[in-house]
Amino acid sequence: MDIQIRNIHKGFGSFPALAGVDLDIHSGELIALLGPSGSGKTTLLRTIAGLEYPDAGQILFGGEDTVALPVQQRRVGFVFQHYALFRHMTILENVAFGLRVRPRSERPSNDDIRKKALELLDLVQLGGLEKRYPSQLSGGQRQRVALARALAIEPRVLLLDEPFGALDAKVRKDLRRWLRELHDKTGYTTIFVTHDQEEALELADRVVVMSRGRIEQVGSTDEVYENPATPFVFDFMGNTNILPGEVRNQEVFVHGTTTAIASTSSHAPGPVDIYVRPIDLRVADPGIPSFEAEILTTQRTGPVVRCEARAIESGVTLEIELPHLHFDVPLLKPEARVQLRLTNFSVFPKGAPITRQALPDVVSNAPAEYRERGRAG
């Protein structure tokens, strides 16, 4: 089922929860709505489901405008963070509930309902537990029941709101892998909400990054992580170092250096900000464009060594992450002076804010002059 979202606006009092959202979702796709609290991702999901009505705009399922349709007629399966199972019903009865409450003319026979519910319990790997009650299951098992119940109505679209948020880290990781396998088996168009970057990158075909009721960027997991379109996306997708830089003669320089780290045709001469992740800073070999820094602290955390350093020229404090066995590690001792290189980075206009209001209206296809992605050897 293709979904087209066109210029959706939704406000709660004076708060604009959604401010002109446009999005195309392809049939059979697994999409993640990713963003911090208050970004509008859950409001968008509930608007697609029919649990909220937009103030303006269209939501089309396969070309049909569903904005005026009540939730019962949209045929969406919705899975909540806290399961929302009926505690007085067995697992089998919970899964069968959506079929039993259908109008009499559309309701399958009791035998067919039971058969369908048992098949779904097998699909979510809970076969043999149909007589248990929710209180007799673990959190991960309850969430599987909730998914089976959502699938029982044969939805056109499957919607999941922070489905693993109430579970511990190991169970979340196991269920993520299981959900991806389940999606590949069933082929439902699926949209899930999360604030967990790792979860979105591991599960989704495409990621929709949201901030303050607008879409910052839409792309594959690789595109969003490797080529963030805005400062907000770069900052939200993980720890970020921001180095002052400058564009001179169509070349990018780290503040205080005389050797360019990249060429650019997208930025006017003048100051810029260079965004680089801790994992993309390395000790430079002689002759490689670099800048000088002093190591402040070094700490090993399992297989990773984390350092704090200070760029000598700019005074900016930096985070560095290296595998423990990396040859650079012996050099990264407190008070040591090292030359650092950038292996992967983005260049943005100086002082470009990470809040959405000051960014271009359309950033899923950000213009070239708004960003410059760089790689160095």
Side-chain angles (χ1 to χ4, degrees), residues 1 25 27-33 45 48-49 51 71-72 74-102 107-194 196 198-200 202-205:
M1 175 64 66
I25 300 169
S27 181
E29 195 170 27
L30 180 58
I31 285 279
L33 302 181
L45 193 78
I48 294 169
L51 298 172
V71 61
Q72 308 94 287
R74 297 195 190 194
R75 276 186 52 204
V76 298
F78 203 106
V79 178
F80 298 90
Q81 177 177 344
H82 294 286
Y83 327 124
L85 300 178
F86 298 111
R87 291 178 293 178
H88 64 287
M89 292 183 180
T90 65
I91 300 310
L92 183 69
E93 291 167 340
N94 265 281
V95 175
F97 179 79
L99 297 174
R100 293 196 185 281
V101 298
R102 281 183 175 177
R107 191 185 311 157
S109 68
N110 287 336
D111 286 345
D112 287 341
I113 290 175
R114 178 179 173 80
K115 180 181 177 183
K116 178 73 172 179
L118 289 172
E119 288 174 352
L120 286 169
L121 286 174
D122 284 339
L123 180 66
V124 299
Q125 300 172 5
L126 292 176
L129 303 182
E130 63 272 8
K131 294 182 180 179
R132 293 192 184 183
Y133 288 86
S135 61
Q136 297 173 300
L137 301 181
S138 68
Q141 289 174 322
R142 283 181 235 174
Q143 196 59 288
R144 292 187 188 200
V145 175
L147 277 162
R149 184 178 63 183
L151 294 173
I153 64 169
E154 298 180 346
R156 295 192 288 179
V157 181
L158 183 60
L159 308 176
L160 303 96
D161 187 10
E162 302 266 12
F164 311 132
L167 305 173
D168 64 53
K170 186 180 186 308
V171 175
R172 282 203 308 270
K173 190 167 186 177
D174 291 342
L175 278 184
R176 287 203 299 261
R177 188 180 304 111
W178 170 81
L179 179 60
R180 182 69 235 193
E181 293 173 356
L182 179 67
H183 174 268
D184 291 342
K185 286 180 183 178
T186 61
Y188 283 112
T189 302
T190 303
I191 308 168
F192 76 98
V193 161
T194 183
D196 185 322
E198 181 182 342
E199 189 167 279
E202 182 178 337
L203 263 175
D205 298 317

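This structure is a prediction, so every number in the text was calculated from the model and none was measured.
Screening residues 74-100 for salt bridge (charged side-chain N to carboxylate O under 4.0 Å, His left out) gives no qualifying pairs among residues at least two apart or on separate chains. Under the side-chain hydrogen bond (donor to acceptor under 3.5 Å, both in side chains) criterion, the residue pairs touching residues 118-136 are Q125-R144, with sequence neighbours excluded. Counting only residues at least two apart or on different chains, the salt bridge (charged side-chain N to carboxylate O under 4.0 Å, His left out) pairs with a member in residues 150-159 are E64-R156, K116-E154. Applying the salt bridge (charged side-chain N to carboxylate O under 4.0 Å, His left out) rule to pairs touching residues 178-194 yields R180-D184, R180-D205, sequence neighbours excluded.
In this view, S138 and Q141 satisfy the side chain to side chain contact (heavy atoms under 4.5 Å, CB included) rule, not counting sequence neighbours. With sequence neighbours left out, the side chain to side chain contact (heavy atoms under 4.5 Å, CB included) criterion links R114 to L92, L118. For A148, the side chain to side chain contact (heavy atoms under 4.5 Å, CB included) partners two or more places apart in sequence, or in a different chain, are V95, L120, V124. Applying the side-chain hydrogen bond (donor to acceptor under 3.5 Å, both in side chains) criterion to D174, with sequence neighbours excluded, gives K170. Every salt bridge (charged side-chain N to carboxylate O under 4.0 Å, His left out) that E29 has, sequence neighbours left out, goes to R206. For R176, the salt bridge (charged side-chain N to carboxylate O under 4.0 Å, His left out) partners are E198, E199, E202, not counting sequence neighbours. With sequence neighbours left out, the ring pair (Phe, Tyr, Trp, His ring centres under 6.0 Å) criterion links F78 to F80.
Interatomic distance, D196 CG to F164 CZ, rounded to the nearest 0.5 Å: 10.5 Å. Distance check: Y188 OH to L30 CG gives 14.5 Å after rounding to the nearest 0.5 Å. Atom CD of residue E162 and atom CG of residue L45 lie 10.0 Å apart, to the nearest 0.5 angstrom. The CD1 atom of I48 sits 5.0 Å away from the CD1 atom of I25 when rounded to the nearest 0.5 Å. Separating the CG atom in L85 from the OG1 atom in T90 is a distance of 11.0 Å, to the nearest 0.5 Å. Taking CG from L203 and CD1 from I31, the interatomic distance works out to 12.0 Å, rounded to the nearest 0.5 Å.
Judged purely by atom type and a 3.5 angstrom limit, R107 has no side-chain atom pairing as donor or acceptor with the backbone of I113. No side-chain donor-acceptor contact under 3.5 Å links D161 to the backbone of V193.
Proximity of D112 to L99: side-chain heavy atoms (C-beta onward) are nowhere separated by under 4.5 Å. Under the 4.5 Å side-chain criterion, counting only non-hydrogen atoms from C-beta, H183 is not in contact with F192. At least one side-chain heavy atom of V145 sits under 4.5 Å from a side-chain heavy atom of L126.
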